[in-house]
A.B. asks: 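To start, I am sharing the structure in question, which I have written as structure tokens.
Lettering follows sequence order; numbering is per chain, from 1.
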Amino acid sequence: MTIRTRIAPSPTGDPHVGTAYIALFNLVFARQHGGQFILRIEDTDQVRSTRASEEQILESLRWLGLGWDEGPDVGGPHGPYRQSERMSIYQQHARQLIESGHAFYCFATPDELDEMRREQQARGETPRYDGRGLELSPSEVQRRLGAGEPHVIRMKIPAEGVCVIDDMLRGKIEIPWSQVDMQVLVKADGMPTYHLANVVDDHLMEITHVIRGEEWISSAPKHQLLYRYFGWNQPLFCHMPLLRNPDKSKLSKRKNPTSINYYRRMGYLPEALLNYLGRMGWSMPDEREKFSLAEMLTSFDLQRVSLGGPVFDVDKLNWLNGQWLREDLSADALVQRFRDWAFNVDYLGQIIPHVQKRIHTLSDVVPLAGFFLAGMLDVKAQDFENAKLSADQVRQILQFSSWYLDGERAWNIENLSAGLTTIAQAMDIKMRDFMIPIFVAIAGKPQAPSITDAMGILGADISRARVRHALGVVGGPSKKEVKAWEKQYRAIFTSDSDAGE
RNA sequence: GUCCCUUUCGUCUAGAGGCCUAGGACAUUGCCCUUUCACGGCAACGACAGGGGUUCGAAUCCCCUAAGGGACGCCA
């Protein structure tokens, strides 16, 4: 049997280091066994999936050196590799489950279900689908289908007993069926949910080992049951520990830069980032810290994965990156890397027009535009002091801006200007004054080329991180303030729907 | 709240019953190298969550408790 693994990212946001982490282990496991590693795009969420996100994810993984044998860009014998292009396959399989009596139609509206869950919670029960769709008579179902009523398809779940999941790392995991919901398989828009699509595709694509994050353990019973319903052999499951923030919660962009692009723009080497990810939950048999993908491949042993959730520690990543920079690159090679990173026509070409009017000599460029080549800026609380704004106003400006920037999905100058203007107006602060702390946060000083242009050039990742860093320097909201501020912030954007989250 | 997963220095980890007086790495501190800073070298600090078993012997196996985390969506 040929070992086949996959990474199945959802193109709904920035390329996440967690995706790279799981991809790494899937790739290494497959290659080590002479198998294949495939990439599948899980874009069944029509609302949030974008082609731009998909392209970025592919590009980021390629940058890291994680290549796949089959995927939407390279093709393969089991395509298409984009779930939105496999609709008929899911419909056919969903129909099969209806016919075999393993799934049923449900006409409940989202509002109706929200209310049901609220009532259940009020009664102290676990929110759970109550099976109302099951009580409809076949003729009633036919009538409503015929009338074109919106509906979903849900899977049936055993009323009692326990489901046993065999995990390659954790052994047998027992989950009572009473804990498992009658999951929606096909949404009202006709798209399958992850649960259906993932099982159907993994089977059709002949995936033998599903290595994924720990967050999936609780839905594994549904997946296992679907394999049974279809009469298929199921792949082996392996749930990896989740990457964590320093406070141990699941790694999130609220608390940490999670985008691969961030690390790229900060100037980490792909080899080093990959190496670091390989050290998360895994160790070389000889305990060496620094190793290449090729070395990891030859020494890999899944059993060496440790299950405690590893904290993503930037200090150690910095050290490791330094090791790679010093030990694996000649001075000439480093020159090349440096040029490719930011001293290239593409990047410099965006920056120079903004400084041209402001310089007298070429040597003025770096003092003026050096912040375009920097990572985090060394700003102090006093850098934010100014006559126009109180300290609290500065803090609030940075917090609101940070929230806004984190939520802005279409990162372009027009949107950024509009978003920041909206906040300034709501706070009743003149734009000129409002921008002072933003200038300091992004450029390190209160005067610089247009700051929205600068944010556009720097990109979302570095810009967000700098604003967040600045907020940390001046002091973010206290626990008390957070609540009030969040409320105010929401009020700013409720009438203006294209920004915020 | 319910279910599930996890638990070795602050952090990443080694450790598959005796090799453990628990090893390495990052961070921190000190010293050396050095015109400075870094790099590098040396050293120090620092952990088996708690309680019960099993065993001649437990960081390692079992149970309980606690803590942390995850899931509970027509998101993935």
A.B. asks: Relative to the 5' end of RNA chain B, which residue comes earlier, A:Ile173 or A:Gly281, by the nucleotide with the nearest heavy atom?
C.D. replies: A:Ile173
A.B. asks: Considering only atom C1', compute the distance from B:A47 to B:U13 and round it to an integer number of Å.
C.D. replies: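 Here B:A47 and B:U13 have their C1' atoms 12 Å from each other.
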A.B. asks: Grab the NZ-C1' distance between A:Lys316 and B:C9 for me, whole Å please.
C.D. replies: 12 Å
A.B. asks: Identify whether any heavy atom of A:Arg123 sits under 4.0 Å from a base atom; if not, whether one sits that close to sugar-phosphate; answer base, sugar-phosphate or nothing.
C.D. replies: nothing
A.B. asks: Identify the heavy atoms of A:Met191 and A:Asp189 that sit nearest to each other, and give their distance.
C.D. replies: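 Smallest heavy-atom distance, with atoms named: N-OD1, 2.8 Å.
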A.B. asks: For atom NZ of A:Lys483, decide whether the heavy atoms of other residues, nucleotides or ligands shown that lie under 6.0 angstrom number more than 12.
C.D. replies: no
A.B. asks: Send over the distance from A:Leu317 CG to B:A27 P, rounded to a whole Å.
C.D. replies: 12 Å
A.B. asks: Between B:U7 and B:G50, how far apart are the P atoms? Round to whole Å, please.
C.D. replies: 14 Å
A.B. asks: Along nucleotides 69-76 of chain B, 5' to 3', which nucleotides get a B, which get an S, and which get a -, given that the test is a protein heavy-atom distance under 4.0 Å?
C.D. replies: SSSBSBBB
A.B. asks: Nearest whole Å is fine: how far is B:C3 C1' from A:Trp177 CH2?
C.D. replies: 14 Å
A.B. asks: Regarding A:His195 and A:Thr193, is there a side-chain donor-to-acceptor distance under 3.5 Å anywhere?
C.D. replies: no
A.B. asks: When you check the side-chain N and O atoms of A:Gln183 and A:Lys222, is any donor under 3.5 Å from an acceptor?
C.D. replies: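 There is such a pair (donor and acceptor under 3.5 Å, judged by atom type) between the side chains of A:Gln183 and A:Lys222.
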A.B. asks: Mind calculating the distance between CG (A:Leu307) and P (B:A16) to the nearest angstrom?
C.D. replies: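 After rounding, the gap between these two atoms is 17 Å.
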A.B. asks: Name the nucleic acid region contacted by A:Gln121, choosing base, sugar-phosphate or nothing; use a 4.0 angstrom heavy-atom cut-off, strictly under.
C.D. replies: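 No contact at all - A:Gln121 keeps every heavy atom at 4.0 Å or more from the nucleic acid.
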A.B. asks: Can you tell me the pairing partner of B:U2 across any strand shown, Watson-Crick or G-U wobble, with both distances under 3.5 angstrom?
C.D. replies: B:A71
A.B. asks: If I pick the C1' atom on B:U55 and the same atom on B:U60, what distance separates them, to the nearest angstrom?
C.D. replies: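 Looking at atom C1' only, B:U60 and B:U55 are 13 Å apart.
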A.B. asks: Check the side chains of A:Trp282 and A:Asp301 for a donor-acceptor pair under 3.5 angstrom, ignoring hydrogens and angles.
C.D. replies: no
A.B. asks: Pick the P atom in B:G41 and in B:C4, then give their distance to the nearest Å.
C.D. replies: 48 Å
A.B. asks: Taking only the P atom of each, what is the distance from B:A25 to B:A14 in whole angstrom?
C.D. replies: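 Result for the P pair: 15 Å, nearest Å.
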A.B. asks: How would you summarise protein contacts on nucleotides 38-47 of chain B per nucleotide, using B for base, S for sugar-phosphate only and - for none, with heavy-atom distances below 4.0 Å?
C.D. replies: -SS-------
A.B. asks: Going by atom types alone, do A:Asn198 and A:Glu42 pair a side-chain donor with an acceptor below 3.5 Å?
C.D. replies: no
A.B. asks: Going by purine N1 to pyrimidine N3 plus the second Watson-Crick contact, or the G-U wobble pair, all under 3.5 Å, which nucleotide sits opposite B:A58?
C.D. replies: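 Result: none.
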A.B. asks: Considering only the P atoms, how many Å lie between B:G68 and B:C63, rounded to the nearest integer?
C.D. replies: 22 Å
A.B. asks: Does A:Arg40 qualify as a cation-pi partner of A:Tyr81, given the criterion of NZ or CZ under 6.0 Å from the six-membered ring centre and within 45 degrees of its axis?
C.D. replies: no
A.B. asks: Could you list all the side chain to side chain donor-acceptor pair (under 3.5 Å) pairs where at least one residue sits in residues 266-280 of chain A, not counting sequence neighbours?
C.D. replies: A:Tyr268-A:Asn318, A:Glu271-A:Arg337, A:Asn275-A:Trp324, A:Arg279-A:Glu289
A.B. asks: In the structure shown, which nucleotide is the Watson-Crick or G-U wobble counterpart of B:U35, with both distances under 3.5 Å?
C.D. replies: none
A.B. asks: Provide, to the nearest angstrom, the distance between the CG atom belonging to A:Asn275 and the C1' atom belonging to B:C26.
C.D. replies: 13 Å
A.B. asks: Taking only Lys NZ, Arg NE, NH1 and NH2, and the carboxylate oxygens of Asp or Glu, determine whether A:Lys172 and A:Asp167 approach each other closer than 4.0 Å.
C.D. replies: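 Result for this pair is no, no salt bridge flagged.
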A.B. asks: Please tell me which of A:Val311 and A:Ile217 maps to the more 5' nucleotide of RNA chain B, matching each residue to the nucleotide holding its nearest heavy atom.
C.D. replies: A:Ile217
A.B. asks: Could you tell me how far B:U65 sits from B:A22 if I compare only their P atoms? Round to whole Å.
C.D. replies: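 Pairwise P distance, B:A22 against B:U65, rounds to 31 Å.
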A.B. asks: Kindly determine whether A:Tyr262 and A:Phe312 satisfy ring-ring contact (aromatic ring centres under 6.0 Å, His included), including the steps that lead there.
C.D. replies: CA-CA 14 Å; A:Tyr262 169 82; A:Phe312 194 95; 9.6 Å; no
A.B. asks: Give one of base, sugar-phosphate or nothing for A:Met191, where a contact means two heavy atoms less than 4.0 Å apart.
C.D. replies: nothing
A.B. asks: Does a donor on one side chain and an acceptor on the other come within less than 3.5 Å for A:Ser249 and A:Arg244?
C.D. replies: no
A.B. asks: With a 3.5 angstrom cut-off on both distances, give the Watson-Crick or G-U wobble partner of B:A49, or none if there isn't one.
C.D. replies: B:U65
A.B. asks: Whether the A:Arg144 and A:His151 side chains hold a donor-acceptor pair (N or O, under 3.5 Å, no angle test) is what I'd like checked.
C.D. replies: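 On atom types as modelled, these side chains do not qualify, holding no pair under 3.5 Å.
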A.B. asks: Give none if B:G17 has no partner; otherwise give the nucleotide forming a Watson-Crick or G-U wobble pair with it, both distances under 3.5 Å.
C.D. replies: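 Looking at the geometry, B:G17 pairs with no nucleotide.
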A.B. asks: When the distance from CE of A:Met240 to P of B:C5 is rounded to whole Å, what number comes out?
C.D. replies: 18 Å
A.B. asks: If I pick the P atom on B:C33 and the same atom on B:A38, what distance separates them, to the nearest angstrom?
C.D. replies: 16 Å
A.B. asks: Choosing from B:C5, B:C12, B:A27, which nucleotide comes nearest the side chain of A:Pro310?
C.D. replies: B:C12
A.B. asks: Atom CG of A:Asp166 and atom P of B:C4: how far apart are they, to the nearest Å?
C.D. replies: 17 Å
A.B. asks: Could you tell me how far apart A:Glu289 (CD) and B:A14 (P) are, to the nearest whole angstrom?
C.D. replies: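 The answer, rounded to whole Å, is 11 Å.
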A.B. asks: Partner lookup for B:C26, please. Criteria are Watson-Crick or G-U wobble with both distances under 3.5 angstrom; report none if nothing qualifies.
C.D. replies: B:G10
